[in-house]
Structures are given as structure tokens and as C-alpha cells.
Number of protein chains: 2
Amino acid sequence: MDASDEAIQALTAVPYFADVDAALVAMIAGQTIRQQYDTGQVVFLEGEQEVALYIVQQGWLKAVKMSPDGREQVLHFIGPGEVFNAIGVFVESTNPATVIALEPTILWLIPQKVILKLLDDYPELARVVIQRLAGRVQQLIAMVEDLSLRTIESRLARYLIDQSTAEQLQRPRWATQAELANRLGTVPDVLNRALRSLAKEQLIRVERHQIQILDYNGLEAKAGSDK
Amino acid sequence: MDASDEAIQALTAVPYFADVDAALVAMIAGQTIRQQYDTGQVVFLEGEQEVALYIVQQGWLKAVKMSPDGREQVLHFIGPGEVFNAIGVFVESTNPATVIALEPTILWLIPQKVILKLLDDYPELARVVIQRLAGRVQQLIAMVEDLSLRTIESRLARYLIDQSTAEQLQRPRWATQAELANRLGTVPDVLNRALRSLAKEQLIRVERHQIQILDYNGLEAKAGSDK
DNA sequence: CATCAAACTCGACAAAAGTCAAGGAATGCG
DNA sequence: CGCATTCCTTGACTTTTGTCGAGTTTGATG
């Protein structure tokens, strides 16, 4: 598989291009730029003016806001098949967040001009972009609600329920308690305290790389409460 | 001025229709529904499936998340010339927030079908929608940062700077300290404390319906800090 | 103009979250 | 395999924010 095939594969995994015909996808693939990042490397910083659209082929990243004293708020985790920096493409503004690789990562960049031309040629693409942005709005509103109106324990319960499959949450290496704490708007110590509390009440079992939900209904009650 | 002229006037005040020709605006105006709300009335509740696009002709509203114990987080205030419920139009989902009138309000509703048809006929509209949604994403990211990484006092300082004109912030009747506290993610008592603190340091002067910035640089330092 | 409800003020106290320090466990690297 | 680094755990203490109760001021209404 050469670079172009690799790019085509990455692009076709993404809803943005679902309705774009194969010949055009191939042409766009020829205009993309492949980039690799190691664990911990910054893709771009908040405040810069990065305008390309990014596609994740491999690896996980985090979009974060940082405070002067070193705290982080993870806005979201970004994995394979996902697109990021739509804001940078469509709005003339600085990037609202910093994006950092959580593990070795392969990205494909599509230049802004290419995307904007594509938007003109494929009105259906606009529909997809609108829907993805609307999804981002909804996710951020939920986060605002969490941060403002709910306790850490309640946020954790909700997160465990949302992210679990068959009542289990696998934690890849990069998904440390520190990252999870940053996602929930707190610090590792407080997260650990909340995990302990839920475990003590037999709602979950905590292992290093896995959290098991023992009492789904009990956990849902915690998630639904503001306490 | 009859109802149709009134609707046309409301629509032409909105960026969504800036590039739509006058005849079509007039036609859309003919399909809009006029609604009035009194102070405190709910336009729609979080969890409902309201799909129309709303235009504000007159009056102010707030979009809020509410907690079971009665706390509110104001997501944003919506005033004349603004559009809301784009999410409801473009995504098949329940409304993420409750919208309530803060004072007597006149709205115009555009049915979903009309908007979606317009989107097909006017690709430039998609660009506008995308840009407005992107703006909402940016605003919500800033709110997440406030709630997670900054103290109440720092949030207040930032808010005062952003919302003031010529170093003054007028507070209309509906903009009580309670509403402002809900916007900043806290309770009126804590907001009052923060106002007092800034006033004690001669950074601002607080009157019932106006806040004057006395030391812009000092306030900016507070806004830029995480303390 | 008088009354009443809403808004604001303020201090005491409580709760939630953050900081710090120390020790133990797990993982990665040479 | 041993060592160093990272991650996790835990309790004590501190800070920030929220709750409560009482009193004062303002603005709307009849």
C-alpha cells in the first residue's frame, strides 16, 4: 500500500467524505499531507491559526484548554476515523484548544482551500459538517452542565455509563487516571477518591486497566443525581 | 406595518438571510409563525423535540441547563436579531437546553421544512450556518475553560471586560445578579462577594444598574489570572 | 402614595474540591 | 533482570464555593 492508498483509506473512514465520489476522494488524497506524532507531542497550540482539516488514521489525541498553573481541561479525546479542527477551517480565528498526541499517531492534513472548494462542489458535505458541529455543541453543553451543576462523583458515574460496553470500561495505556480526571474537570487525587467511594458502595470494581460496573442501576442513580 | 412586513423586518435583521433575495425572504416571511412570551415563560423545555428555527424580534431570553435541586446554568443570553434552536433544525435529537423569556418577547418561528429547503437552494446559507455553529462551539469552549480552570472572581473580571462598552456595563432590569451568577456558574451570594472584592480593590464601582470599570488594567490582570 | 415582592447585602457555617507529602505498585528501558 | 520513572493510593490540611438566615433597599403595582 503506497501513501496515496493509505490516505484514501483514511479519508473513506470519515463521514465527511461518505457521499463524495471515489475519483474525487482519490484526488483529494493526493493533496493531503501525512504527519506523525510521538506520545506527548503538540499538533498545534491554542492561539495559533492552524487552518487545515485533520484526519486521524491511527492513534489517540486530546484537545485541551490549559491554565497558567498547569491544570488541563480535556475537551475531548480524538481517535482513529475522526476529524478535528473544523473550526480552524471554517472560521477565521485562532484555535480555541491545544491538540496533543496521547500515543504514537498518524494524521492526514487536508489544506483549507481543498475543503472549501469541496464544500462548494458538494452541498451534501455542508449538511455533514453542520451535523458534526451540532454534535460538538451538544457535547460541550453536556460538559458545561457537568462542570457547573454536578459533583465529581456524579460526573464519574455518568462517564462510566456512557463509555462502558457490556458493563466494562477498558482503559488503554494512555487513559491514565490523570487524563480521566482532566476530562472530568478535576485532579487525579479527587478522581481516585470518587472511584474509591463508588467501589466501596459495590457499584464498580476498579482494576488498573479496567473498571467493571457491578450495579448498573445503582450507578445510574448516582449519574442522574446532582450529588 | 402588517404582520408580513413585521416578519420580513425580523428576518432581514438576521445574518442567516443576508444573501437571500428579497422575494424569497418575503415568501419565507409568509410562512413564519409569530409568537409572544411574557417574562418567565418557557419557550421550550430541554428534552423536547422542537424543530423550528426561532428568530428574536424583540426582548431577551436565556438558554439554560437546570439541575434537579433548582440550580441553573445559563448557556447564553439571546437578544433581538438573534437566531436560536439551530440544533433542533439540523440534528434529530432532543433540545439540549430550556429557553425562557427574561422579559416580554416577540419571536418568529420558521418551520424546519422551510429552512431545510432553503439550505438546498442557497448553499451560501450553509456557510453562514456553519460559521454560526462554529461560533457557538468557541463560546462553549470558553465557558468550559471558565468553569473548570478559573475562579469566580477571574470569571467575573473577564465577563465585565467582555461585556462592557467605554468601561461601563449597563444592567437592564432582567440582568439581575442572580442571572449573572447563573451565567458565571455560581450563586448570587458568591457573585456578590466577588463584586465586593473587586470594588474593595478599586477595580470597579458597583451601582444597582451599572458597573463602572475604574482600573481596566487591574481588571484585565484579574481576568487573565486563574486565581 | 403605601404596600409588597423582588433584589441585594453580609456574615457565619458547611460542603466540595484542591494541595501536599509520603509510600507502594506497575511499567518501560537498557 | 534491575533500576528508574510513572502511576496510583491515601490521609491530613487548606481553599473555594455553596447554604442559610436575617436585614436593607429598590421598584412595581394598585
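Residue numbering restarts at 1 for every chain, and letters A, B, ... go by the order of the sequence lines.
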note = What one should report as the nearest heavy-atom pair of B:G88 and B:Q112 is O-NE2, 4.0 Å

query = Nearest-Å distance, CD1 (A:I152) to P (D:dT16)?
reply = 16 Å

query = Could you walk me through whether A:R196 and A:V206 pass the side-chain contact (heavy atoms from CB on, under 4.5 Å) check?
reply = CA-CA 8 Å; A:R196 230 151 64 222; A:V206 182; over 6 Å; no

inquiry  = Rounding to an integer number of Å, can you tell me how far B:L147 CG sits from D:dT17 C1'?
reply    = 13 Å

OP1 or OP2 of C:dA7 under 4.0 Å from side-chain N/O of B:H209 = no

task = For A:D38 and C:dC29, give me the distance from atom CG to atom P, rounded to whole Å.
result = 11 Å

For atom CG of A:D146 and atom P of C:dA17, their distance in whole Å = 12 Å

task = For nucleotides 8-15 of chain C, just jot down a letter per nucleotide in 5' to 3' order: B, S or -, based on protein non-hydrogen atoms under 4.0 Å.
result = SSBBB---

Selection from D:dT19, C:dT27, D:dG18 that lies nearest to any side-chain heavy atom of B:D69 = D:dT19

query = Any salt bridge between A:E103 and A:R173, counting N to O under 4.0 Å?
reply = no

inquiry  = Can a side-chain donor-acceptor contact be found between B:W108 and B:Q57 if the only test is distance below 3.5 angstrom?
reply    = yes

message = Without decimals, in angstroms, what is the distance between A:N182 CG and D:dC7 C1'?
response = 14 Å

ask   = Which nucleotide in the list D:dT16, C:dA17, D:dG27 gets nearest to the side chain of A:T151?
value = C:dA17

inquiry  = Using the side-chain heavy atoms of A:V187, tell me which of these nucleotides is nearest: C:dG18, D:dG27, D:dT17.
reply    = C:dG18

ask   = Checking side-chain hydrogen bond (donor to acceptor under 3.5 Å, both in side chains) for the pair B:Q36/B:R34: CA distance, chi angles, key distance, verdict?
value = CA-CA 7 Å; B:Q36 285 190 238; B:R34 186 181 189 278; 2.9 Å; yes

query = Taking CH2 from A:W174 and P from D:dT6, how many angstroms apart are they, rounded to a whole number?
reply = 19 Å

inquiry  = On a heavy-atom basis, which atom in A:G59 and which in A:P80 lie closest, and how many Å separate them?
reply    = O-CD, 3.4 Å

inquiry  = At less than 4.0 Å, is any side-chain N or O atom of B:R173 found next to OP1 or OP2 of D:dA28? Yes or no.
reply    = yes

inquiry  = Pairing donors with acceptors under 3.5 angstrom, does anything connect the side chains of A:Q202 and A:D215?
reply    = no

task = Please state how far atom CG in A:L149 lies from atom C1' in C:dA17, giving the value in whole angstrom units.
result = 16 Å

key: Whole angstrom value for the distance that separates C1' of D:dG18 from CD of B:Q73   = 15 Å

